[in-house]
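Okay, so here's the structure we're looking at.
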There are 2 protein chains.
Amino acid sequence: MKRYLVEPGKKFKLSERNPEDTGDFEGGKKEGLKAIVELNEKLQTLQELLYAEGRHKVLVVLQAMDTGGKDGVIRRVFDGVNPQGVKVAGFKVPTAEELAHDFLWRVHKVTPGNGEIVIFNRSHYEDVLVVRVHNYVPEAVWSKRYEQINEFEKILAENGTTILKFFLHISKDEQKERLQARLDDPTKHWKFSLGDLEERKLWDDYQAAYEEALKKTSTVHAPWYVVPANRKWYRDLVISRVLVETLEGMKMKYPEPREPLDGVVVE
Amino acid sequence: MKRYLVEPGKKFKLSERNPEDTGDFEGGKKEGLKAIVELNEKLQTLQELLYAEGRHKVLVVLQAMDTGGKDGVIRRVFDGVNPQGVKVAGFKVPTAEELAHDFLWRVHKVTPGNGEIVIFNRSHYEDVLVVRVHNYVPEAVWSKRYEQINEFEKILAENGTTILKFFLHISKDEQKERLQARLDDPTKHWKFSLGDLEERKLWDDYQAAYEEALKKTSTVHAPWYVVPANRKWYRDLVISRVLVETLEGMKMKYPEPREPLDGVVVE
């Protein structure tokens, strides 16, 4: 899955990444879905082990343009994992109390503890994305945040957090289709706001903001993956693979019992 | 499912409830598992609607003797629901800060918001169960808690929270088998403590504490169900049914879009 990394310190153009890509996967959607089921079974086992061992913390950051598929990833990639060890943190418009603190304050509170996986559905990256595109704070403020984010994530990593960041990369045409599909389905109208169409007009500004964020904050300890996301099954496959490979790489094992249990009998 | 209710104000003996019961369900495990899958599909749809509508709050309390199946219920009954709208709150040994407050302080903080389902894996009921059995506080303190719990739950209910409380009822023999099975499986040893066997010796004290708690705190706005839990499939079936029937009874609908969307086209 290295092909989807944003390599730290290297040249990076978002426009050179293809949202339609299916890499060297042999097979189409049907084979892809089958592979995802197999990976999901591994993920469930690995997550239980992570929880049992209680030694590693895992932070998964999901970012995407509207309709990019963050909710879909959460439901499908993490299907069946134990909700006691896997939490989702969403970040909405900041409250007055949150705005009274630095932008990482509310984020730090919900980072994973030992044995936990926390999925960020949007994240502190919005503070260099929507905030930048709409000039919610001056450039002098947001331009310092890339470095602050790197420092913050370094602190997390040095204290035992494995950080995986995924940008779900869809094309502008694909977004059009997905927004239209939402409009055509009355059960999705509650999710829809005319403001979504206004945001779509700022597509190029967002792509530029993403490009800079991905380039400046993809580090060895917290890399970004640009996940081709026009095909939902391939998007889920890529993320499942990265997760499973990362967790397998931790060489975890079940901890010893707290006391010797040999010969113990229940009465 | 009314047969499993602890009816407010009526006589109640825990020993008269049969952990082996399968009610009038026609069929065995195979048919039961099939029914659970069907109920789970309904639950997923209803949960999405609950989240979309954002009008109701749902609190599910799970209590059981050790090995009673709380984790199993969370994994199987709630399989596939959207983790963004369904959260699990666990309650461990209280911290110093928690102990410096009333026993409901830490509980209130994690009650559900609009559109959310929160599952309590153990709960404020431990403060009249383990706390009573081990005399962690004097009787003068814990004996007042039943009424305090009722008042607290009434506040939640009057502010839009639907409360469902399930006691997973297993027999002492069934617990023996399950503890032994954990001992026989090295991948489960991390969950095991010799203290679990000490707790088992207090079985009768716990049953008495449960009986009193269930009797005193089963109310119209927050009823207790005693779920026969020796058979895991039947336990899951009962809870799935109660959940689905309760959510169906809310007559929810998808909210109107925030603005009129007729004739809107994505460009």
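Side chains included, hydrogens not; waters and symmetry mates left out as well; all remaining heavy atoms used.
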Proximity breakdown for B:L261 and chain A, heavy-atom pairs closer than 4.5 Å: both
Set of ring-ring contact (aromatic ring centres under 6.0 Å, His included) partners for A:F91, sequence neighbours left out: A:F120
Heavy-atom contact with chain B under 4.5 Å, split by part of A:V88: side chain
Polar contacts chain B-chain A (donor-acceptor, d < 3.5 Å, no H, no angle):
from	atom 1	to	atom 2	distance (Å)
B:Q44	OE1	A:R75	NH2	3.1
B:D71	OD1	A:Q84	NE2	3.1
B:R75	NH2	A:Q44	OE1	3.0
B:R75	NH2	A:G80	O	2.8
B:G80	O	A:R75	NH2	2.8
B:Q84	OE1	A:N121	ND2	2.3
B:Q84	NE2	A:D71	OD1	3.1
B:N121	ND2	A:Q84	OE1	2.3
B:Q180	OE1	A:V266	N	3.2
B:W190	O	A:R258	NH2	3.3
B:K191	O	A:R258	NH2	3.4
B:F192	O	A:R258	NH2	3.4
B:L194	N	A:E259	OE1	3.1
B:R200	NE	A:E267	O	2.6
B:R200	NH2	A:E267	O	3.0
B:R258	NH2	A:W190	O	3.4
B:R258	NH2	A:K191	O	3.4
B:R258	NH2	A:F192	O	3.4
B:E259	OE1	A:L194	N	3.2
B:V266	N	A:Q180	OE1	3.2
B:E267	O	A:R200	NE	2.6
B:E267	O	A:R200	NH2	3.0

Residues which pass ring-ring contact (aromatic ring centres under 6.0 Å, His included) with A:F103, listed by chain and number, not counting sequence neighbours: none
Residue A:V86 versus chain B: region with a heavy atom under 4.5 Å: neither
Heavy-atom pair count under 4.5 Å with chain B, highest-scoring of A:L197, A:L179, A:L183, A:I119: A:L183
Interface moiety of A:L194 toward chain B, non-hydrogen atoms closer than 4.5 Å: both
